[in-house]
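Worksheet for the structure shown next.
Below, chain A is the first sequence line, B the second, and so on; all start at residue 1. Values below: every heavy atom of this structure, side chains too, minus hydrogens, waters and symmetry copies.
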2 protein chains.
Amino acid sequence: MPKLPPLNALRAFEAAARHEGFIGAAEELHVTRGAVSRHVKLLEEHLGVPLFRRHAQGVSLTEAGRRLMPVLTESFARIAREADRIASDALDLHIICPPATSIRWLLPRLDGFRDRHPEIRVRLTTDFHCDTKFDGLEYDLGFSIENQPTRAPNIAVQGLFDVRMSPACSPAYLASHPLARPEDLAQADLLHETPRHGDWTDWLATFPVAGVDPAQGHDFANLDLATRAAVMGAGVVMADMVLCRDELEAGTLVLPFPEMVSGSPLGGICLLGMADKWELPKVRVFRDWVAEQAAG
Amino acid sequence: MPKLPPLNALRAFEAAARHEGFIGAAEELHVTRGAVSRHVKLLEEHLGVPLFRRHAQGVSLTEAGRRLMPVLTESFARIAREADRIASDALDLHIICPPATSIRWLLPRLDGFRDRHPEIRVRLTTDFHCDTKFDGLEYDLGFSIENQPTRAPNIAVQGLFDVRMSPACSPAYLASHPLARPEDLAQADLLHETPRHGDWTDWLATFPVAGVDPAQGHDFANLDLATRAAVMGAGVVMADMVLCRDELEAGTLVLPFPEMVSGSPLGGICLLGMADKWELPKVRVFRDWVAEQAAG
DNA sequence: ACCTTGGATCAGATTACCTGATCCATGATA
DNA sequence: TATCATGGATCAGGTAATCTGATCCAAGGT
């Protein structure tokens, strides 16, 4: 098992070797030359070999020193580079967001945030398991669909907008599959997102409709895909009023039962963050911007 | 300019990451878990990112930790490996010796030393510039041809044998180039070693012979090559009685003027060493063995 | 012969580090 | 469900490693 020499002595030696003198190294390390001299001597004693030849003007490497130096220079540079990258990543704003919210709501607006705050580099991770994954370590903020506002005391929450759902389909689908009454949904193709798979169940809990099997229909990996399938006329999706606003305004999706929009029971979209980071400038600024977007 | 985090903290983190826990790391580093905890915390503060996720049983790496760990593991291993090699080389006995002495005297005897002291690994460097190169840093002992026994006070010297020189040639050369009297050397092909080029001059200073031009003849990179050229009948070499003993005993070289053997003025072969290492076991043992070989 | 440069060295000050005790959260055990 | 075991966090206090700053010394340059 190879043993590691004293690391600070290695660093002093490496600096001295690079500067070809102890004074240069001392300046770089913000210590006196005596300290560098001591470190080098310690390392030489540890290894049992002289690493420098001392002459009147500076020092020069011995064979042993010449072998050791490049290893140290490269290793230290590699460590410093990686540590720097990690530290600078920590300055970025890391956000995690579920797929549909990410692709249909956040991403289209994010350029606006970047324009307003070019100094903050936003790094968005789109993943379904936001709420369970969110522990404040990897991510500064997380989007989540919550109906219980209670969480661990160190997690702060900021509500954005309610989840308001209603069945939606393309005008073409509506023409070929008459949906005059809610009961007609029993014959319709229901479109689901698989990970939650509760959208239809939740809505039917609010608006009980006899004869509709909430398990029937097609499954999609996320709500965005299900919605796009609905636009293409594949069936009826349980559409979120906010996330599907573009399609509803453009008329590519229509609501057969516009009066039957479920409200808060299904929960609301909110932002999660660690309580101790909640007021960091980068977090604060993003929270304010998101709140503004959600209101507008 | 990337900045290097505290190195001891990096080492503690690396060990903790490898052991997936602070206790294992603490044992490896021979400290308490509190110390490891402190180091890791320090590093996390330095980088501004958590490196571990703490749970009840041990810890697991965060994204940042997962990026940092392999860099450290590899770098430290590389440093430890090289440092170990350098340290173990320091245990070897490093000797520097001029070419002719090396090839004609030391090397043939060295197996005998290895047999007697298999625990000492001898590393022989054959190089002309022994005496100037020898500073006790790269080499533990150096062979040198000295005529002035005074050196720096920190250099110890041990005489081995005198340099005793006399012209020598092959029997065939002698037959075709009669060398009845020293003056006949004026017509002979003199064989020189180039780096010193003083062998004939020195000998002629002891035995002045009218008409002989010490610059005339052929040059060889070292005395061994010149001697082998003489054996092949190329001319007359200034042969060392010790280094050419084999050829003289076998009769492949003969001395036209056996009574004209120069003595101590040309100096003697000796061993050089740093005074402070002079009595190290490995040095002592080698010195004794060389003295024995020189006497025998 | 003088001065400048650059490393070696030492006593004393300072800092970083380690210890060892205690606390706390979690998951296993009964 | 209470208890225990495990493993990390934390803190005050002591110790050891490290740094400072003065001084010394050797080697080149002028």
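Across residues 61-70 of chain A, not one residue has a non-hydrogen atom less than 4.0 Å from an atom of DNA chain C. If you check residues 8-17 of chain A against DNA chain C, you find no residue with a heavy atom closer than 4.0 Å.
Taking the side-chain hydrogen bond (donor to acceptor under 3.5 Å, both in side chains) definition, one finds that Arg287(A) meets it with Gln158(A), Glu279(A), sequence neighbours left out. Remark: Arg11(B) engages Asn8(B) in a side-chain hydrogen bond (donor to acceptor under 3.5 Å, both in side chains) (not counting sequence neighbours). Applying the ring pair (Phe, Tyr, Trp, His ring centres under 6.0 Å) test to His55(A) and every residue at least two apart in sequence or in another chain returns nothing. With sequence neighbours excluded, the residues forming a side chain to side chain contact (heavy atoms under 4.5 Å, CB included) with Leu72(A) are Leu10(A), Phe13(A), Glu14(A), Leu68(A), Phe76(A), Ile79(B), listed by chain and number. With sequence neighbours excluded, the residues satisfying side chain to side chain contact (heavy atoms under 4.5 Å, CB included) with Asp92(A) are Asp89(A), His94(A), Arg121(A), Arg123(A). Residues satisfying the ring pair (Phe, Tyr, Trp, His ring centres under 6.0 Å) test with Trp289(A), not counting sequence neighbours, are Phe113(A), Phe286(A). Residues satisfying the side-chain hydrogen bond (donor to acceptor under 3.5 Å, both in side chains) test with Thr62(A), not counting sequence neighbours, are none. Residues satisfying the ring pair (Phe, Tyr, Trp, His ring centres under 6.0 Å) criterion with Phe161(A), sequence neighbours excluded, are Trp105(A).
For dC19(D), the OP1/OP2 oxygens have no side-chain nitrogen or oxygen of His30(A) closer than 4.0 Å. Listed pair Thr32(B) / dT19(C) meets the phosphate criterion, a side-chain N or O lying under 4.0 Å from OP1 or OP2.
In this structure, the side chains of Leu160(B) and Phe143(B) come closer than 4.5 Å at one or more pairs of heavy atoms.
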If a protein heavy atom is under 4.0 Å from the base, mark B; if only from the sugar-phosphate, S; if neither, -; do that for nucleotides 2-9 of chain C going 5' to 3'. ---SBBSB
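Taking atom CD of residue Glu44(B) and atom P of nucleotide dG8(D), one finds them 13 Å apart after rounding to whole Å. Put simply, NE2 on His39(A) is 13 Å from P on dA16(C), counting in whole angstrom units. Between the CD atom of Glu27(B) and the P atom of dG7(D) there is a distance of 10 Å, given to the nearest Å. What separates NE2 of His19(B) from C1' of dG7(D) is a distance of 15 Å, to the nearest Å. For the pair Leu7(B) CG and dA16(C) C1', the interatomic distance rounds to 14 Å; values are reported in whole Å.
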Show me the side-chain donor-acceptor pairs of residues 22-41 of chain B shorter than 3.5 Å, one per line, residues at least two apart or across chains.
{"residue": "Glu28(B)", "atom": "OE1", "partner": "Arg18(B)", "partner atom": "NH1", "Å": "3.0"}
{"residue": "Glu28(B)", "atom": "OE1", "partner": "His19(B)", "partner atom": "NE2", "Å": "2.5"}
{"residue": "Glu28(B)", "atom": "OE2", "partner": "Arg18(B)", "partner atom": "NH2", "Å": "3.0"}

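A distance-only check finds no donor-acceptor pair linking the side chain of Thr101(B) to the backbone of Cys97(B) [under 3.5 Å].
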